[in-house]
Amino acid sequence: MGLLEQKRHFSVNLLDWYMVNRRDLPWRRHNNPYFTWVSEIMLQQTRVDTVIPYFNRFIGNFPTVQALAEAPEEEVLKNWEGLGYYSRARNLQAAARQVMELHGGEMPQDKQAVFALKGVGPYTAGAILSIAFNQPQPAVDGNVMRVLSRYFLIDEDIMKGSTRVLMEELAGELIPEGRARDFNQALMELGALVCTPKAPHCLTCPVMEQCSGRIAGRELTLPVKTKAKPPRPEQRLVAIVEGRGAHRGRVLVRQRPATGLLARMWELPHVLAAPATAGKKAGPLADEPAMALLAGSLWAEGFAARPEGLATHAEHVFSHIVWSLQVYKCTEQDQSNELPLIAAEARAAYDAQAAAKETTAPAQASEPSMIDEANISGSFDEQGEPLSAIAASDPAHDVMSGKGDGQIYRWIGPEDMDKMAFPNIFLKLISSYFAGAYDDVSE
DNA sequence: AATTCGGGGTA
DNA sequence: TACCCAGAATT
């Protein structure tokens, strides 16, 4: 068979299949460019079933570009909580403001203008232009590369940028005249429902007759893809600090910096336990040194707390890091009494870690919870007292900033959780705490 | 070209 | 366990 005939067979039969088998998805119910845009951002590296409830809530709270542009950033982040890749949320709102200022609140239809929006790359630009405006632009994602690599038996590594460009040229040629909207979605729908990664359903595939990959028996070995390098392990010590006195019934949380991992999300205070030795994963730390180190890190931030004991273990997997968490229940201490003792323990723990670090890899410079020597030496004065324990306190929200690198700390109760965005792991830990799961932790 | 960005479903 | 998901931004 000729290549031209093979292409035509693909386009015709795939489009026919899609018109019968297309899923009823929330963002497909209206031809609203804003809905298409929001859905495509959410769907980046995220499954349809995961996105659906987020999409519905998001559109309910921010029904228009203007509503999104004018919303508090904190509220947008809260609506993204649990979805991951949080820079998508910040970029989406920034782009909504771009659309308000540059395009009068209407989604632009010009390719360059769409591509210039924050968070919109080659795939998303093509998806918006084709799905929202039916423009004949390719939209090549992981599904499309898998389908095309199999059907046309393309052995190029799909991790390479040059392969995506090649796929875009091919995908563009396949779009039937005037049918970009349906065809591009058909391509992705086939990848999601039939031409799946592990066990493709070739027997029900609408284009199996001329699929070069299947005919060659290569459907399970395509696409060719170099495997990602494994995530690095990190052992971290986490504090659930139970408030006393004016803070009774609350726990101490802090907000992460505006850039980097989990930017601007709230979390429980924690500290990197053992800088990983090259090639070796750092195992769990014994409770006694762990609690001393944890108390020391809190002290360096201006908080006096006594670790009571191990509450639980937890693991949190990112694409490039695996956090193994040792979670310790702690109690806030009265500054006038137990503080000197904790300060002494903290000094010892710090000295030990600082000494250990000299024989290992250098610390990441901007790691927010990493304790570096400068921070240590700056955390104590001659009498072992904090230099500026509490910089500011807001009675209404109980806001205070620790010293250190300017992170914001806050004592919160259960009622505060509905406006602050937490990564799932801390959401679970804090919820468990408020539900009484760690009440019986003791020394 | 390689890394950095979450979190969960699936076999 | 080991992928992989309607990828983009940064280095």
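Below, read A as the first sequence line, B as the second, and so on, with proteins coming before strands; counting in each chain starts at 1.
For A:P197, the side-chain atoms get nearest to C:dC4 when compared with the rest of C:dC3, C:dC4, C:dA6.
Within residues 17-28 of chain A, no residue places a heavy atom under 4.0 Å from DNA chain B. Contacts between residues 149-180 of chain A and DNA chain C, defined by a heavy-atom separation below 4.0 Å, involve no residue at all. Within residues 105-124 of chain A, the residues approached by DNA chain C to less than 4.0 Å at the level of any non-hydrogen atom are A:K118, A:G119, A:V120, A:G121, A:P122, A:Y123, A:T124, in residue-number order.
When rounded to the nearest whole Å, the span between CG of A:D182 and P of C:dA6 equals 19 Å. With rounding to whole Å, A:N143 atom CG is found 18 Å from C:dC3 atom P.
Residue pairs meeting the salt bridge (charged side-chain N to carboxylate O under 4.0 Å, His left out) criterion with at least one member in residues 217-231 of chain A, sequence neighbours excluded, are A:D155-A:R218. Applying the side chain to side chain donor-acceptor pair (under 3.5 Å) test to residues at least two apart or on different chains, the pairs with a partner in residues 423-434 of chain A are A:E242-A:Y433.
Aromatic ring orientation, A:W27 versus A:F55: perpendicular (interplanar angle above 60°, classes split at 30° and 60°). Ring geometry, A:W411 versus A:F303: the interplanar angle exceeds 60°, so the pair is classed perpendicular (tilted spans 30 to 60°).
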Sequence-aligned protein contact record of nucleotides 3-11 of chain B, with B where the base is within under 4.0 Å of a protein heavy atom and S where only the sugar-phosphate is: -SBBBBB--
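Residues meeting the side-chain hydrogen bond (donor to acceptor under 3.5 Å, both in side chains) test with A:Q45, sequence neighbours left out: none. Listed by chain and number, the residues in a salt bridge (charged side-chain N to carboxylate O under 4.0 Å, His left out) with A:R146 amount to none (sequence neighbours excluded). Residues satisfying the side-chain hydrogen bond (donor to acceptor under 3.5 Å, both in side chains) criterion with A:K78, sequence neighbours excluded, are A:E81. Applying the ring pair (Phe, Tyr, Trp, His ring centres under 6.0 Å) test to A:F183 and every residue at least two apart in sequence or in another chain returns nothing. Residues that satisfy the salt bridge (charged side-chain N to carboxylate O under 4.0 Å, His left out) test with A:D418, not counting sequence neighbours, are absent from this structure. Listed by chain and residue number, A:E189 satisfy the salt bridge (charged side-chain N to carboxylate O under 4.0 Å, His left out) test with A:R23 (two or more places apart in sequence, or in another chain).
Rounded to whole Å, the C1' atom of C:dC3 lies 16 Å from the corresponding atom of B:dG6. Rounded to a whole angstrom, the distance from the P atom of B:dG8 to that of C:dA8 is 22 Å. Look at the P atom in both B:dT3 and C:dA6: the space between them is 25 Å, to the nearest Å.
In plain terms, the two heavy atoms of A:L222 and A:I154 that are nearest each other are CD2-O, 3.7 Å.
Side-chain contact annotation: A:R28 with A:Q185, donor-acceptor N/O pair under 3.5 Å present.
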List the steps, then state whether ring pair (Phe, Tyr, Trp, His ring centres under 6.0 Å) holds for A:F426 with A:H270. CA-CA 11 Å; A:F426 294 113; A:H270 56 95; 5.5 Å; yes
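Using a 4.0 Å heavy-atom distance criterion, A:R146 is classed as a sugar-phosphate-only contact.
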